[in-house]
Amino acid sequence: MPLELIRHDITKLKVDVIVNAANTALKMGGGVCGAIFRAAGANELQKACDKIDGCKVGEAVITEGFHLDTKYIIHTPGPVWQGGGNQEAEQLMSSYNNSLNLAKEYQCKSIAFPLISTGVYGFPKEAALQIAITAISSFLIKHDMLVYLVVFDNTSFGISQKLFSSIHQYI
Ligand code: ADP
């Protein structure tokens with residue numbers, strides 16, 4: 001089943017589409033969002049995002065990839081962690097599902113996800129990693145796509161190592 005867990009900078013990947021852990025206003029932020037905007041060309045990407053009227057938590061929208069090595073960027077705002085009793089898990093699951101379905105709609109054969117919501121949005125990393133894998137695995141039962149799940153920081157890498165015996169480390 002084509003799901004690869006890798007340690008990398010998502011902006012360096014050559015895939016059809018990368019997913020941005022966006023905010024609902026679709027404005028350039030920090031973390032992975034800032035890195036994606038900088039690598040794609042912040043002005044051009046911001047202009048494209050401003051043409052879209054925001055995006056709700058758990059939904060997904062698409063722009064071109066501009067200067068990235070990808071055709072597209074899918075922007076999905078994950079939930080802000082509020083203790084777990086506010087549908088955060090369901091919303092995070094929706095972010096993955098809607099992104100995968102949008103990628104399929106655009107005929108993408110490969111996609112890379114960061115660990116959505118696990119930075120400033122505070123979603124517990126181990127739970128977030130498990131949700132990501134559950135959503136991606138159920139999608140891959142029905143559809144053909146190469147999916148990379150990208151871990152970046154030390155804590156995420158540590159958790160993924162604990163959960164999986166083999167991981168390709170590039171940085
Ligand atoms: P959110 O606002 O959804 O929490 P963040 O960007 O703060 O988004 O963090 C989401 C995850 O992205 C974090 O686990 C962070 O370590 C990771 N991340 C940050 N920069 C990159 C990058 N260049 N490539 C891949 N993952 C990254």
Side-chain angles (χ1 to χ4, degrees), residues 3-42 45-46 49 54-63 65-70 72-84 86-100 102-103 110-136 146-164 167-171:
L3 164 59
E4 279 206 34
L5 188 62
I6 61 172
R7 186 173 200 191
H8 212 325
D9 173 352
I10 200 167
T11 64
K12 302 279 196 292
L13 293 177
K14 284 189 187 181
V15 283
D16 287 343
V17 56
I18 63 168
V19 177
N20 178 22
N23 49 63
T24 54
L26 301 178
K27 296 292 181 194
M28 180 174 177
V32 72
C33 180
I36 290 173
F37 268 73
R38 277 190 297 277
L45 180 54
Q46 191 60 70
C49 285
C55 182
K56 292 195 183 123
V57 172
E59 296 186 356
V61 294
I62 194 162
T63 63
F66 297 100
H67 300 290
L68 286 171
D69 256 337
T70 64
Y72 304 110
I73 304 168
I74 285 176
H75 307 261
T76 182
V80 175
W81 181 255
Q82 289 168 331
N86 216 13
Q87 308 280 301
E88 293 96 322
E90 290 80 359
Q91 288 174 331
L92 187 59
M93 191 72 92
S94 296
S95 276
Y96 283 97
N97 287 336
N98 286 324
S99 300
L100 288 162
L102 193 54
S110 54
I111 184 169
F113 282 96
L115 276 186
I116 299 164
S117 283
T118 64
V120 291
Y121 282 8
F123 204 111
K125 291 183 181 189
E126 188 160 344
L129 188 61
Q130 270 160 348
I131 288 171
I133 285 163
T134 305
I136 295 165
L146 175 58
V147 184
Y148 294 98
L149 187 54
V150 180
V151 295
F152 186 70
D153 59 274
N154 279 330
T155 315
S156 304
F157 180 59
I159 289 167
S160 64
Q161 272 195 313
K162 202 182 81 183
L163 288 178
F164 301 93
I167 175 167
H168 307 285
Q169 184 174 8
Y170 292 108
I171 51 169

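When a ligand or atom number is given, it counts from 1 through the structure's own listing order.
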> Scan the side chains in residues 114-127 for donor-acceptor partners under 3.5 Å anywhere in the protein, sequence neighbours excluded, and list what turns up.
| residue | atom | partner | partner atom | Å |
| --- | --- | --- | --- | --- |
| Ser117 | OG | Pro79 | O | 2.8 |
| Thr118 | OG1 | Leu115 | O | 2.7 |
| Lys125 | NZ | Asp153 | OD1 | 3.3 |
| Lys125 | NZ | Asp153 | OD2 | 2.8 |
| Glu126 | OE1 | Lys162 | NZ | 3.0 |

> Between Phe152 and ligand 1, find which residue part has any heavy-atom pair under 4.0 Å and reply side chain, backbone, both or neither.
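For Phe152, only side-chain atoms sit under 4.0 Å from ligand 1.
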> Nearest 0.5 angstrom please: Phe113 CZ to Tyr96 OH, how far?
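Going from CZ on Phe113 over to OH on Tyr96, the span is 7.0 Å.
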> Just which atoms of ligand 1 are under 4.0 Å from any heavy atom in Leu115?
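Checking each atom against Leu115, I get 10 (C), 11 (C).
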> Looking only at non-hydrogen atoms, which of Asp153, Asn23, Leu13, Ile36 approaches atom 16 (O) of ligand 1 most closely?
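The option holding the nearest heavy atom is Asp153.
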> Determine, stepwise, if the pair Asn86 / Val80 fulfils side-chain contact (heavy atoms from CB on, under 4.5 Å).
CA-CA 9 Å; Asn86 216 13; Val80 175; over 6 Å; no
> Looking at side-chain heavy atoms only, is the closest gap between Asp69 and Lys12 below 4.5 Å?
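They are not in contact (no side-chain heavy atoms under 4.5 Å apart), so the answer is no.
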> Does Ser117 have a heavy atom less than 4.0 Å from any atom of ligand 1?
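For ligand 1, residue contact (heavy atoms, under 4.0 Å) with Ser117 is present.
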> Do Leu26 and Val61 have side chains that approach each other closer than 4.5 Å (heavy atoms only, starting at C-beta)?
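The answer is yes; the side chains approach within 4.5 Å.
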> Tell me, please: is Thr11 in heavy-atom contact with ligand 1, that is, under 4.0 Å?
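In this structure, Thr11 fails to qualify as a contact of ligand 1 - no heavy atom is under 4.0 Å.
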> In the protein, what heavy atom is nearest to atom 24 (N) of ligand 1, and what distance, to one decimal place, separates them?
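Going atom by atom, the protein heavy atom closest to atom 24 (N) of ligand 1 ends up being Ile10 N, 3.0 Å.
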> Atom 5 (P) of ligand 1: which protein heavy atom is closest, and how many Å away?
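For this ligand atom, the closest protein heavy atom is Gly119 CA, 3.8 Å.
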> Which residue holds the protein heavy atom closest to atom 7 (O) of ligand 1, what is that atom called, and what is the gap in Å?
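Of the protein heavy atoms, Val120 N, 3.0 Å lies nearest.
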> Among Val80, Val32, Ile116, Thr118, which one has a heavy atom closest to atom 13 (C) of ligand 1?
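Closest candidate by heavy-atom distance is Thr118.
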> Side chains of Phe152 and His8: closer than 4.5 Å at any heavy-atom pair?
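Of all side-chain heavy-atom pairs linking His8 with Phe152, none is under 4.5 Å.
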> Which of the atoms in ligand 1, numbered in the order shown and given with their element, are less than 4.0 Å from a heavy-atom of Asp9?
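Here the atoms of ligand 1 in question are 22 (C), 23 (N), 24 (N).
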> Going by the salt bridge (charged side-chain N to carboxylate O under 4.0 Å, His left out) test, which pairs reach into residues 17-32, not counting sequence neighbours?
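Applying salt bridge (charged side-chain N to carboxylate O under 4.0 Å, His left out) to every pair that reaches into residues 17-32, excluding sequence neighbours, yields Lys27-Asp50.
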> When rounded to the nearest 0.5 angstrom, what distance separates OG in Ser94 from CD in Glu59?
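It comes to 8.5 Å.
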> For Ala21, take its heavy atoms, then give the atoms of ligand 1 lying under 4.0 Å from any of them.
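Result: 3 (O), 8 (O).
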